[in-house]
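Here is how names work: the chains are called A, B, and so on, in the same order as the sequence lines, proteins then strands, and each is numbered from 1. These numbers come from the heavy atoms of this one structure, side chains and all, not from hydrogens, waters or symmetry mates.
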Protein chains: 2
Amino acid sequence: MTGRKISEKTIRRLSHYARCLRHTRIKGKKIVTSEYLAKRCSISSAGVRKDLAVFGEFGKQGSGYDVQELLANIEKILGTGKPLHVIVIGAGNIGQALLESGLEGTGGYSYSAIFDSDPEKQGKIYAGIAVQPMKELRETIRELGDNIAVIAVPDGEGQKCVDQLVEAGCNAILSFVLEPLDVPEGVKLRYIEISTELDILTHSLMRTGRIGR
Amino acid sequence: MTGRKISEKTIRRLSHYARCLRHTRIKGKKIVTSEYLAKRCSISSAGVRKDLAVFGEFGKQGSGYDVQELLANIEKILGTGKPLHVIVIGAGNIGQALLESGLEGTGGYSYSAIFDSDPEKQGKIYAGIAVQPMKELRETIRELGDNIAVIAVPDGEGQKCVDQLVEAGCNAILSFVLEPLDVPEGVKLRYIEISTELDILTHSLMRTGRIGR
DNA sequence: GCGTGTGAACCTCTTCACAGCG
DNA sequence: CGCTGTGAAGAGGTTCACACGC
């Protein structure tokens, strides 16, 4: 089932709303207003209403949005909310940390496997999951079905790793590797860039005169 | 020295150009074209030229941009390129992994200290840096001078941690904690959200019919 | 000729103000 | 009366085409 085109910015906000609603649900609150979501997601209430109204009339005028119902709708729009396997490539510091940290409260994701090309690391167990050799990648991906890969391999090994993933049938990758990576048409790739986030903070500090540069 | 207002989107691109230029410099290349940067940063060449032209005429018509000179200019605009201390709060899996991974090739950043409120963890050494108790936060920040804090503490401890940082004089925070955090006016705060990145990938997979939802 | 710098057109996103429904 | 849904206005960002300098 293919949905309509939604901008990345909107998807990011929907993801925030979903996270906020899960948290709200746990607290036992049943109804929220656009103002409530707005405050917690650092956005205007009009923005929240506009985001939600595009996909249907989820709200009840005079009261607000039903938490459970709105969350279900957002998860349907995003395609999240159902279990989805996340596999990790690279059992170094980052890879281990990801597994140990887990993905609880994220709407269906869970780490299901970890791979490393280093025989020294293979067989070690993190968060109950044994490190597998790369040659088992294809087989494991076939067994798991739908999945997203997170790569956290040393600099210089990123492209090789991506190629193996693509070849094994993975078509969504989240990279902690900063090298520009090539993927075939149709394979989705995103980056987590700590250094860029630091740059943004640094610029902000400089601009407001909080550090001398 | 306060600079003009630049959008976050532009700063993010400048950060990418800088990273690319550092890499290019290592390869020994002296001149690059807007097309060269465009390819590697997944953007149009007109976009690259527009970004750069706003801050001065860095390019030479007919040839391109001098790598070293352009990098220096971008770093000046961003306020990066000079050494800047990054301190980590939380010596759990993520905190350890960050220190061990280091910040080489990022334009001046380096991890300089790590703190944890758990006495069990205090004194342990990661990447040559000993875990300090939180009560030493203020003193260390004063000694280090300009800094950015990265917080990687357990869920529920984020706000307390932020409050202590702000109180100790830190005014830029990068958070791995997903709770919405409050900071006073003037303190800069950003989030690294793996679950949101996964949501964006999931939606993209669904939209292109690569997973059934 | 090659590649930069730039004005203009175009498109997207955000904000505002308010009508309308419960 | 409260809060949603929405058209209109405004702001910001991107793309295009081309003049200009090396």
Checklist entry - Tell me, which of residues 45-54 of chain A have any heavy atom that sits under 4.0 Å from an atom in DNA chain D? => result Arg49(A), Lys50(A), Ala53(A)
Checklist entry - With a non-hydrogen cut-off below 4.0 angstrom, is Ser7(A) in contact with a base, only sugar-phosphate, or nothing? => result sugar-phosphate
Next on the checklist: Just so I know, are the side chains of Leu14(A) and Leu52(A) near enough to count as touching, which here means a heavy-atom distance under 4.5 Å?
Outcome noted: yes
Exercise answer: donor-acceptor pairs, residues 86-105 of chain B side-chain atoms, under 3.5 Å, sequence neighbours excluded:
{"residue": "Gln96(B)", "atom": "NE2", "partner": "Ala91(B)", "partner atom": "O", "Å": "3.1"}
{"residue": "Gln96(B)", "atom": "NE2", "partner": "Tyr126(B)", "partner atom": "OH", "Å": "3.3"}
{"residue": "Ser101(B)", "atom": "OG", "partner": "Ala97(B)", "partner atom": "O", "Å": "2.7"}

Checklist outcome for this item: By side chain to side chain donor-acceptor pair (under 3.5 Å), Ser7(B) pairs with (sequence neighbours left out) Thr10(B)
Checklist outcome for this item: The residue among Thr24(B), Leu70(B), Ile43(B) that forms side-chain contact (heavy atoms from CB on, under 4.5 Å) with Leu37(B) is Leu70(B)
Checklist entry - Quick one: salt bridge (Lys or Arg N to Asp or Glu O under 4.0 Å) pairs with a partner in residues 188-203 of chain A, sequence neighbours left out? => result Glu8(A)-Arg190(A), Arg190(A)-Glu197(B), Glu193(A)-Arg19(B), Glu197(A)-Arg12(B), Glu197(A)-Arg190(B)
Checklist entry - Contact boundaries of DNA chain C with chain B (under 4.0 Å, heavy atoms), 5' to 3'? => result dC2(C) to dA8(C)
Next on the checklist: For Val153(A) versus Cys161(A), what's the shortest heavy-atom pair and its separation?
Outcome noted: CG1-SG, 4.0 Å
Item to check | Residue pairs involving residues 22-32 of chain B (criterion salt bridge (Lys or Arg N to Asp or Glu O under 4.0 Å); sequence neighbours excluded) | outcome: Arg22(B)-Glu75(B)
Next on the checklist: Suppose we screen for salt bridge (charged side-chain N to carboxylate O under 4.0 Å, His left out). Which residues come up paired with Arg13(A), at least two apart in sequence or across chains?
Outcome noted: Asp51(A)
Checklist entry - Looking at residues at least two apart in the chain, or sitting in another chain, which of them share a side chain to side chain donor-acceptor pair (under 3.5 Å) with Gln159(B)? => result Asp163(B)
Checklist entry - Which residues in residues 12-35 of chain A have at least one heavy atom lying under 4.0 Å from any atom of DNA chain C? => result Arg13(A)
Item to check | Those residues that, when tested against Thr140(A), pass side chain to side chain donor-acceptor pair (under 3.5 Å) (two or more places apart) | outcome: Gln132(A)
Next on the checklist: Can you list everything that forms a side chain to side chain donor-acceptor pair (under 3.5 Å) with Thr80(A)? Sequence neighbours excluded, please.
Outcome noted: none
Item to check | N/O donor-acceptor pair under 3.5 Å between Thr202(B) side chain and Leu198(B) backbone | outcome: yes
Checklist entry - Can you give the first and last nucleotides of DNA chain D, 5' to 3', that have an atom under 4.0 Å from a heavy atom of chain B? => result dG13(D) to dC22(D)
